[in-house]
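Computed from a predicted structure; not experimentally measured. Order of listing sets the numbers, starting from 1, for every ligand and every atom in it.
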Amino acid sequence: MIKRRSFLGYFSIGWLTACFPVVLAACAPKQATTEATSSTPDSASDDKTTSKPAAKKTADGFTVVGTVAQLEQAGYIQTKQVAVTKDPANPKQLLAVNPKCTHQGCDVKWMAGAKKYDCPCHSAEYAADGKVLKGPATKSLAKYPAKIVGTQVLVKV
Ligand code: FES
């Protein structure tokens, strides 16, 4: 016959073993879950603003990230490596930043109405030029040179 103390010991070990994977999953970074959603713009069906980075680099080191038509239509272009918007203070100027949040690396999302980037993980906010508007992030998004050549938007990453 199992004594009460032994039973409680076995029960505790079994309970901890069963809960351990759940605790690990809960403590994992949110990046895995946000990555799938953060690559899509506000509405899941509107995929016009995202584009895959072109493999081709120009002689001066710039890479095509999208078209002027995409930028005009959506107000921004975002890939895994770069996000491009027009400068809210000077719409003829482009601003390109690394869309990885400097807090823990989630993909930030351009909020066209508010003209700022929001991080879905812990609510950090960045200006179009990558400067921190609200924590917990303390470091600005990395900036890249950007330009328009013909009908294409190019960024030097
Ligand atoms: Fe962006 Fe934490 S990862 S605020």
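- Within the sub-2.8 Å shell of atom 1 (Fe) of ligand 1, the protein contributes these N/O/S atoms: Cys101 SG, Cys119 SG.
- Listed by chain and number, the residues in a salt bridge (charged side-chain N to carboxylate O under 4.0 Å, His left out) with Lys147 are Asp60 (sequence neighbours excluded).
- Cysteine sulfur proximity is satisfied for Cys121 and Cys106, their SG distance being under 2.5 angstrom.
- In terms of the salt bridge (charged side-chain N to carboxylate O under 4.0 Å, His left out) criterion, Lys115 has no residue partners (sequence neighbours excluded).
- Counting only residues at least two apart or on different chains, the ring pair (Phe, Tyr, Trp, His ring centres under 6.0 Å) pairs with a member in residues 78-109 are His103-His122.
- Here the shortest heavy-atom pairing between Gly75 and Trp110 reads O-NE1, 4.2 Å.
- Judged by distance alone, with hydrogens and angles left aside, the side-chain atoms of Lys134 form a donor-acceptor pair with the main-chain N or O of Ser123 at under 3.5 Å.
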